[in-house]
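Here the structure comes first, spelled out in structure tokens, and everything after it is commentary.
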Number of protein chains: 2
Amino acid sequence: MPKIVNHEEQRRLVAEAALRVIQHSGLEEATVRKVAKEAGLSAGSMRHYFSTQAELYIFCMNLIAERVEERLKALPYEGSLLSDLKELLLQLLPIDEERILEMEVWFVFQSKMLAYPELKTVSSAIQNGLYKASLFVLEELEKNKRLRPGLNIEVEAEKLYALIDGLAIHRMLHPTQLSVERMDELLESHLLSLCS
Amino acid sequence: MPKIVNHEEQRRLVAEAALRVIQHSGLEEATVRKVAKEAGLSAGSMRHYFSTQAELYIFCMNLIAERVEERLKALPYEGSLLSDLKELLLQLLPIDEERILEMEVWFVFQSKMLAYPELKTVSSAIQNGLYKASLFVLEELEKNKRLRPGLNIEVEAEKLYALIDGLAIHRMLHPTQLSVERMDELLESHLLSLCS
């Protein structure tokens, strides 16, 4: 029976293999040969899916962003407004082993951006998505008449967005110094400070 | 006349040369040969100053931390309490070209930490210094009876510390999306939110 290969699906399989290799061995070790082996392909066929290193990195970054989006969509949103918003924000943080690994890969990609300017556009788009998630939280508070009077929504959204990324970095770099419970507590305190 | 070489001073010169090479060419390109050339030394003599790559990285990280400390000590602290505290916090952010470069190098070191666990101790100590600076801000507000009643100092210090690092990352990765003026405005708004 002939193998039916969907090009886009195959690209995704290659990118997932690349993420696994990066997670286990670091970006420097994620050579074409190793990624091909992990994906069960010949090294020669790799060029068919990604013509440059940067192209593969961009695809991987988008893959991680997609995973986050899927998690956000899968949330039940059945609790109180504040607990739902906190749950949403927790999805953007490395709260379990899988997400710490994702975040590590993400961090390595970001550090690569200084050398590969091609990554800037996708990084910028994804960071914008994270800002939008923070803005959404503020808008929901306002819509539900919970927002403390006198707060500027854009200022607060930008601060929340920075707070989240700061916590994410701290958790990833020194997981023993910032527990998931503490992140939860800090987010709750911050959300409460935004409410009247 | 014989050259009088102070070992510690020479290490510092080598580390400063390494920082320049990293800033211009990236960490991967900062080979022993290039760093030696930049420092005006022979590649062979480098081992005399740093016996491992990690040792050089650690020294470089401490050098950046020292620069930040010196900037903090050099501040005049002559304005109002809030503007002095804001100035202090701004020293922790990449507000000019020199600090953006410092921050880029710092970021690359942090991403290396995943591969070089030896860097964890120094990174942890320096991050702790940044947390202490945030805690200092909260304590000053309290000492001067400006702190809003009901706030938990440790929670607020941890949030401020994450906010600062989040802003630093955002500024470094996408400088056009977060101006110095905007960072100043966000810090001011945050400090005001901590005051009664």
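Order of the sequence lines sets the chain letters (A, B, ...), proteins ahead of strands, with each chain counted from 1.
Side-chain contact check for B:Gln177 and A:Asn128: no donor-acceptor pair (N or O, by modelled atom type) lies under 3.5 Å.
Of the listed residues (A:His174, A:Glu185, A:His170), the one with the most heavy-atom contacts under 4.5 Å to chain B is A:His170.
Using a 4.5 Å cut-off between heavy atoms, A:Leu167 touches chain B through backbone and side chain atoms alike. For chain A, the nearby part of B:Leu178 is the side chain; its heavy atoms alone come within less than 4.5 Å. For chain B, the nearby parts of A:Gln110 are the backbone and the side chain; heavy atoms of each come within less than 4.5 Å. In this structure, the portions of B:Tyr161 lying under 4.5 Å from any heavy atom of chain A include both its backbone and its side chain. Both the backbone and the side chain of B:Glu104 come within contact range of chain A, with heavy atoms under 4.5 Å apart. For B:Glu154, the parts sitting under 4.5 Å from any heavy atom of chain A are the backbone and the side chain alike. When heavy atoms are compared at a cutoff of 4.5 Å, B:Ile169 approaches chain A solely by way of its side chain, counted from C-beta outward.
Taking 4.0 Å as the cut-off between side-chain N and carboxylate O, A:Glu158 and B:Arg182 count as a salt-bridged pair.
Residue A:Leu151 is not grouped with residue B:Leu163 when hydrophobic side chains (ILVMFWY) are merged at heavy-atom distances under 4.5 angstrom, including chains of intermediate members. A single hydrophobic cluster is seen to contain both B:Ile153 and B:Leu160, as judged by linkage of ILVMFWY side chains at heavy-atom distances under 4.5 Å, directly or through other members.
Residue-environment remark: CZ (B:Arg148) exceeds the threshold of 12 foreign heavy atoms within 6.0 Å. Counting heavy atoms of neighbouring residues, nucleotides and ligands inside a 6.0 Å radius, atom OH of A:Tyr77 exceeds 12 of them.
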